[in-house]
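I have placed the structure first, in the form of structure tokens, so that the comments after it can refer back to it.
Per chain, numbering begins at 1; letters A, B, ... match sequence-line order.
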Amino acid sequence: MILGLSFVLIGLAVLFSTLRLLKGPSTFDRLLAADTLAIITTALLVLMASYFSRIIYMDVALVYSVLGFAGVVVVARYLEGGL
Amino acid sequence: MVNPILLIIVPLGTAFLISLTASFLKNSTKYLALLAMIANVWVSIKLLPEVMQHSINVVIAGVKPPLGINLFVGPSGAVFSILISAAGLLILLYSFKYIEGDSQHKYYTLFLLLITGSHGMVLTGDVFNLFVFFEILAISSYILVGYEGKRNGLEAAVKYLILGSIGSVLILVAVALIYQEAGTLNMADLADKFGMIDPSKRLMILVFFITGMGVEAAVFPLNSWLPDAHSSAPSSISAMLSGFVIEVALIVIVKFVYSIFAMTEILGFLSLVAVITLLVGEFAAFKQANIKRVLAYSSIGQIGLILFAMSLNSTGGINAGLMQIVNHTASKSILFLVAGFLIVRTGSYQISDYRGIAKKMPVSAFFFVIGVLSLLGVPPFFGFFSKLAIIIAALHTGSIFNTVMVFLVLLGTVIESIYFLRIIQVMYNRDGIVDSVKEAPFLPLLAIAAFAVVILAGFLVLPQITGYTGGVASEIVRKMQMAQVF
Amino acid sequence: MRKVISFLLLAGFVFYFATLTGGLLIPDSSADRSSVGLDILSRSADETGSANAVTSVVVLYRGFDTLGEVTVLFLAALGISVFMKSTGEKRKKVLDQSFILKTGSRLLFPLMFLFGMYIIAHGHLSPGGGFPGGVIIATGFFVILLTSESVNFNKTLMSVLEGLAGLSFIGLGVVGLLGPGNSFLQNFLPLGTFNTVFSAGIIPLIYAVVGIKVGAELSSVVYAMKESK
Amino acid sequence: MNGVLSISTVLNFGSAGLIVLGLYIVFTQKNLIKMVIGIDIAETGVNVLLVSTGYIKGNTAPIFSKAGLQVSSMVDPVPQALVLTSIVIGFGVSALALAMIIKLYEKTGTLDTSKIRGLKW
Amino acid sequence: MVVVGKILVLIGSIFLFLGSLGIFRMPDVYNRLQAGTKATTLGALSLILGVGFMNGSFLVKSIVLIIFIVLTNPISSSTIARASHKAGIPLVKESVVDVCKDNVRKEEA
Amino acid sequence: MSIVLNLLSIALAGVVLNVLFSKSKIVQKYVSLLIFAGLTYFSFVMYSQVGEHFDFPFQIAGQSIGFTITWLNYYFGIMITGITLLTVIFSLKYMEGKDGSTHYYTVLSLKTFGMLGVIFSSDLITFFVFWEIMSWSTFGLMSTGGKDAPKSAFKYFVFAITASMILMAGVVLSYSLFGSFDFAVIHDKIGSLSLPMTGFLLSIFIVSFSVESAVFPVHSWLPDGYSNTFTTFTAYLSGISTRIGIYGIILFLFGIFGIQTVDKLSIIGKINFRYVFGVFAALTMVVPTFTALYQHDAKKLIAWHSVGQGGYMLIGLASGSALGIAGGMFHVLNHMAYVVLIVFAIAAVEHRTGTTNLNKLGGLIKKMPVSYLALLFGIIGLAGLPPMNGFVSKWFIYRALILGGYPFLAIAAVIGTLGTILSVYKLIHNMFLGQLPERYNNVKEVGFSMQLPMWILMIVVLGLGIFPGAAMGLIAKIQVALGLTAVPYSLHGIQTASGQLNMLVVSAVFIGGIFVTWIIYLLGSRRKHVSQYNNYAAGNFLDKKVAYNFNYEFYAAMEHVIDPYRKKIIQRTEQGIAGLTDAVSEYIRRIYTGMINTYGIYVITAFIVTIIILKELI
Amino acid sequence: MKNFKGFIIFVIVLALTWLLLTGSLGKDELLIGGLSLVLVAILFFGYSDLYRALKITPKIILFYPLYLLVFLKELIVANFDVASRVVRPSLPINPGIVAVKTSLKDPLSKLILANSITLTPGTLTVDVKDDTLFIHWIDVKGKDVEEATKEISRKFERILKEIVK
Ligand code: NA
Ligand code: NA
């Protein structure tokens, strides 16, 4: 039940973030939306790990968040004026 | 017996080795590449007689097919390996004097990876692994096309990359559908199971596959990248791309249509496409003023001719197509390689700037003429026999359609002859405008001469060549079967 | 016009894709469907000693693909270094450093590196493996490179690492080739205790090599991009 | 109506949609970077298709990380391996493409494909 | 423990939702970072911790993940904020002060 | 070892030696002389080897290929080697100091090699291989020479390569129909082929050979091609090269398909195949001959005649009767002799004056009497007047046409002869008669090495005129070998039921007539020699500055009448085809727009079209 | 000696990280962990001076949890504050960028401070220059440095001084 509600809430979160991702207006807005989406996805992966009782998905979540972090930083630096 | 996997891991390993040693071997890394290519030629030649007897499965990671990836080495794999290694070796020798600069180890690394990809594509027995080697081949081609970092090269490389990526998307869809429907990726296993798939799905897989692979094989209208890429690449690379890269993709298509998908009912359509490709190539070449664009469009024409031969649904046709591949590899390599130094020496791609160059670069000009004659199929050069074989095979089918196609092929040859002759006349014009132009260096000329020997002496060993190509042809028309395990 | 044509063509594409592959609306398949993969699933644990069947597929059953895949990355890195060749002149605009990013990455980098190694070492036990591990390590380099002007990045070392890792991959394969199995990439090590770190024969070794290679590859990519103007 | 809301259906729609969207971008966007993004989207679509080939209802990842996991309850591992490879290859190609495009931009000063037509006819 | 975990998961989800709402509603990049990204991060942390409580065996991994997020997330947010400020993305007009900008002006002068 | 191989290896040795000694012109000259003397010797002594067959040690498509010696190819063989030898002798002096002489002997040897290979081949493959070598070396011959040579050679090449491809289609079609390349095998199996297919196949070959033998309307490459090269090459090309096409036609019409088969063929069920062929032959006689009339260049004028005379040969063959075929074959020899003689005379004049422009020459009769005599012999032969050889073969042909019931073709032949007479008169008048331009006052006759070939050919031209039997023996053998009826002959002529010809009598009467005319002329005229400049026009005395020459624009009036009709059809057609090719090329290459998005659309279009088509196919 | 201390701290941090990752004290895991640790420690020896700032005194046993508690309190309070702003239709905000002075010298401590501020909703460290932190504040309560420092950073700084130099 709680998990179900969580899924719904997270789904809405994905929706709003995606709207911002699409809407912009500046690239930085999109970037922070992407950053948020990465966090939400990480949370979702953790929730899945719990749902399927597979601890290995936690590793996936960890890898995902590492990569998300790097991606955001790189793009931000790039937008600031080159790598 | 030598293990065919060496054909893949030797150049690949050498590529890594060059990367490892480049910082202290500097420009001597090319000798590593040379050793690798010599080894490859040796292995492929050694392999040929053995696989002519029976095809073999080379098991990888000790996993018997169809569970794992294997190499399926039959006559076609061996013959193409020889073609790739030998042409590669000669073009490598040519590159020694043609490619300069401090970062040349990158060129040789890419070169070896291109060879790796080509070998992998003709040797692998696994559909997805084919895709992987296709990517290796394609990516190294993209990079090599833009290698010089000039505007045209980059533009061509980017376009090539974009179209190639669309192609690989289509191929990958085919692979996914294959796995979904047949539950296997092994080619021989697939050949067994493909017939059981629902016909419309079979069609879908086929179309995805041939359209995707057709991009690399330069079949019209998927070939729009080719004139740009082949004309803007360094000439050594143009020679490889035209010489065996498109042919490798083409033979993969042919192999799939005949021996894996066993959908020979589409061959009529393929031969129509082939002839259209041929005519488009020849007519588009007709009005070019840029020598490498002429050669590039001519390659489209040639690929049309080869595909035409191979879609005749007969061993004779495939045999003839293979001979034409040999001819095209040798003669187009000559032309591109000569063009390379024409461009280096005159600084121009425009044919009109080569007026009278035969006087200054007599050896190059002579080889150029030899290459042209064989490409056109003028006797007694090798190209004559291959073209003859193609037309015989076409008329042997006895169909009116193929007879008409033959006349169109001959029309294409007329067009081709005219534009090539124009170039020769400019080169041999007696009121030359080029001066202070030197002949190409010895090593490149030696490599070119070796190709010329193939063309000139090819007909002396015609029975042997047709023996081998015949073996390939009969392999291809049969449904692929699990082979003896190596 | 272009849009209309594209739209129509793609509509046709979807139409044929849907009608010829039996429609997009399909039920989930049940497990009774036979495929090579399900065969592998039933024997991989015994054959390879790897708990993660995907890993046994990636490293052994389809290890040759993985070699190819590593090669593709190698190629991409090489290609990028070809095109991003340093043009000689220094970058005009030097970004002033972000204290937070710089210090933060210095703090995190060793940890990320360690994490990458963890992922690589446990590739046969979990969904990770050489690729994610290598990517994480490279990401560390990435961030370090982004944040410090004068990091002593040894280009030669990277190129040596790339080459060495690639050669080691092939070398591991060749050992199998020369061994009794007489097959490239044949496992020549004992399988060990199932579901522990030291198991699955050469899988962790290959993953380690892959990890190093991917890490070195990506790092040199980033370096090349940074060096160009 | 077992098929209508099955995960396979969702995956099918997803992959077809992504492929078509990606190709549409490739065909209509004149910005080279966007074209590369289009290719990436299409590749993602193919990857989804690959995953869907191995999908079996209710089954989990094929990792024997705890006792009692049965082969019959796992999804096919092969497509997952293929997807891994395909993603890495796609990543490599995209990175390479961007590098090339940056270099091309240096030479031409534009990313507009309708202006990068030095080679034609 | 499981109950606590479930509550944490629920709280986390709510904050994920609220955070993304903030992202959607806030007027400029900086406020979005504030209200959105931060709230979302906290939501994620809560959720992860909750999952850790629900399955004991996950706890250690959860903590690793949390530590990692706590270490990296502020860095990426700051980086975005700094980059957009450097790139000249203006603060929303309701903003009352921007010392940073004044600073920049002084340096130029 | 076949003697054919001897011949071919000698010719090939000529090529190789010439390449090796390309730096030394002296060596080149004498090596070539030796080579062609050897070739001539061997080809004449082949007489005893007729019927011999040689197969190569390898096979093509499972078929043996090789050479054979027949009376027909013996006949052509001696013509080829003999005329080449004379050309070489003539060239020794002529080519001295000329730019491009390095290639000269090489291409000449290669060309001879190709032609010999063609005529001795016993199968389609060998035939085609040497045919190609021959065409490419013809191209080589034409490319060397004057400034316009490359351009006109290129035009030849376009025709030749088209013909080659048509020939190749024929070769391969034959193979797929008969399963063999061998002429003899095809000859045996031809009867089993359906008539439409036979007609189609024969048409392919005939069309292909028509290009090489410059049959109207595919003749236009010849005049420019032949006249822009070295004059000695013009001789060689007009004399023998073009006639290899005739050889092909004879071989295929009578040797392979056989007259019985050919006679069965008709077009649209009504018109006999031979008759259609004859119409083209007639056009070839008439149109080029009249075009020759208004040429200002001696070489070009002769080149046009070379086309026209081919028409006579063809029309003889087309008549289908023993007499006509004999006439056609004999005319090949006769034409070779007189046309080479004429061109040698022109070359001699050119050698001394530096020009072949008829508007600039004149009055050389006293300066170069031998050349004048040579030209005179030649043009009498060309005009088909007794006592020269041209008369005999043309007589056969007229006779055959009239007897065969082809009055229109016969009339065309007569009209052609009329045009020939008119234009050769222009030739000899503008070169040797009339007034000598002052700049040529110091011109001398050419030396011995150039006179010798002319003397030999004069003897042949006159000799064959009076003793046609010398050649008719061989022609009769050929006819028998081809399954045709032989024409009964005697040393001085022929003796058939339908008529006879005794050249001794004819020549005596003709020479007598001329002698009488000359006496009358001498008696009747009171000529007064006036200096060239002792003249006036429009009230002014002419001086050296005024270019007043009677030779200028000799048939200008006629040209005005014909001009509107000539250029139009052929040239426009050719330009149309060239323009069409250009346009097609231009449109096709525009497919490659350079727009990468469009290229992507091509891919998906190809995908969808493929599906739509294959869905129907499967 | 200073460096050595930093190195030791560095190794401890790494070891803890590995243990957390594997969650296992198995022999094999420890062995592979040890190997990895040695490699990382050698490769990143130079980084250890950053960790040197971490104090190892008995006091930290108290102050680490204390910092955590303070931080959590701020976190939760601020979080609800911001959440309430987000959901209210009027969207009540009063944003701006302010400067905050810090007396912390060590980079690590400044980083922790900056990150703590960032993680707390309502404040966001935009940049750090020397002893000044530039902070985006969603509800500016004091525009001058003193006020802002008091409101934002003081509470963290006090405890931070005890655990980091
Ligand atoms: Na993989
Ligand atoms: Na991609």
Side-chain angles (χ1 to χ4, degrees), chain A residues 1-3 5-21 23 25-29 31-33 35-51 53 55-59 61-62 65-66 68-81, chain E residues 3 5-7 9-10 12-26 28-30 32-33 36-41 43-52 54-55 57-58 60-62 64-65 68-69 71-73 75-87 89:
Chain A
M1 175 60 203
I2 285 182
L3 280 184
L5 188 60
S6 299
F7 273 123
V8 171
L9 286 170
I10 292 174
L12 287 171
V14 169
L15 177 73
F16 284 123
S17 309
T18 310
L19 283 175
R20 180 52 71 199
L21 183 72
K23 216 170 146 191
S26 77
T27 322
F28 293 98
D29 292 290
L31 186 60
L32 75 91
D35 190 22
T36 313
L37 272 174
I39 299 164
I40 297 172
T41 311
T42 307
L44 201 56
L45 281 168
V46 171
L47 212 53
M48 271 174 68
S50 170
Y51 184 75
S53 299
I55 193 164
I56 48 176
Y57 289 139
M58 298 292 282
D59 283 345
L62 196 45
S65 66
V66 173
F69 165 67
V72 167
V73 166
V74 169
V75 176
R77 286 293 281 183
Y78 178 76
L79 293 172
E80 197 180 327
Chain E
V3 176
K6 282 191 173 173
I7 291 168
V9 167
L10 188 60
S13 309
I14 292 168
F15 275 104
L16 279 173
F17 167 71
L18 289 177
S20 56
L21 191 63
I23 280 202
F24 184 65
R25 289 195 68 199
M26 284 295 177
D28 67 357
V29 176
Y30 311 97
R32 283 177 199 132
L33 274 170
T37 315
K38 291 310 106 201
T40 326
T41 308
L45 292 182
S46 162
L47 190 145
I48 292 166
L49 191 64
V51 167
M54 281 161 66
N55 312 49
S57 58
F58 286 21
V60 181
K61 281 267 156 70
S62 301
V64 174
L65 200 49
F68 189 80
I69 291 174
L71 287 179
T72 57
N73 222 277
I75 298 178
S76 60
S77 296
S78 287
T79 308
I80 295 177
R82 183 175 184 271
S84 42
H85 201 268
K86 292 264 172 195
I89 304 285

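With rounding to the nearest 0.5 Å, the separation of OG in A:Ser17 from CZ in E:Arg32 is 12.0 Å. To the nearest 0.5 angstrom, A:Phe16 atom CZ is 10.0 Å from E:Leu18 atom CG. Atoms CD1 and CG, from E:Ile23 and A:Leu19 in turn, are 11.0 Å apart once rounded to the nearest 0.5 Å. Here A:Leu32 contributes atom CG and E:Ser84 contributes atom OG; the two are 8.0 Å apart, rounded to the nearest 0.5 Å. Interatomic distance, A:Ile10 CD1 to E:Thr40 OG1, rounded to the nearest 0.5 Å: 11.5 Å. If you take CG on A:Asp29 and CG on E:Asp28, they are separated by 8.5 Å, rounding to the nearest 0.5 Å.
Both the backbone and the side chain of E:Val9 come within contact range of chain A, with heavy atoms under 4.5 Å apart. With a 4.5 angstrom heavy-atom cutoff, A:Ala38 does not touch chain E via any of its atoms. For A:Thr42, the part lying under 4.5 angstrom from a heavy atom of chain E is the side chain only. For a residue to count as touching a neighbouring chain, one of its non-hydrogen atoms must lie under 4.5 Å from one of that chain's; by this rule E:Ile14 touches chain A with backbone and side chain alike.
Comparing E:Ala83, E:Gly52, E:Ala87, E:Ser77 by heavy-atom pairs within less than 4.5 Å of chain A, the highest count is held by E:Ala83. When each of E:Gly43, E:Ala44, E:Ser76 is checked for heavy-atom pairs under 4.5 Å with chain A, E:Ser76 comes out on top. Of the listed residues E:Leu47, E:Leu45, E:Thr41, the one with more heavy-atom pairs under 4.5 angstrom with chain A than any other is E:Leu47. For the options E:Leu21, E:Ile7, E:Val64, heavy-atom pairs under 4.5 Å to chain A are most numerous at E:Leu21. For the set A:Val72, A:Thr18, A:Val66, the count of heavy-atom pairs under 4.5 angstrom toward chain E peaks at A:Val66. Top candidate by heavy-atom pairs under 4.5 Å with chain A, chosen from E:Leu16, E:Thr79, E:Leu33, is E:Leu16.
The aromatic rings of A:Phe69 and E:Phe68 lie perpendicular to each other, with more than 60° between the two planes, well past the 30° mark.
Nearest heavy-atom pair, A:Leu12 versus E:Phe17, reported as atom, atom and distance to 0.1 Å: CB-CD1, 3.6 Å. Nearest heavy-atom pair, A:Ser50 versus E:Asn55, reported as atom, atom and distance to 0.1 Å: OG-OD1, 3.7 Å. Considering every non-hydrogen atom in both A:Arg20 and E:Phe24, the closest pair reads NH2-O, 2.5 Å. Residues E:Ser20 and A:Ala13 approach most closely at OG-CA, 2.9 Å, considering heavy atoms.
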Full working for side-chain contact (heavy atoms from CB on, under 4.5 Å) between E:Ile69 and A:Ile39: CA-CA 9 Å; E:Ile69 291 174; A:Ile39 299 164; 5.6 Å; no
CA sep, side-chain torsions, deciding dist, call: E:Leu65, A:Ser65, side-chain contact (heavy atoms from CB on, under 4.5 Å): CA-CA 8 Å; E:Leu65 200 49; A:Ser65 66; 3.9 Å; yes
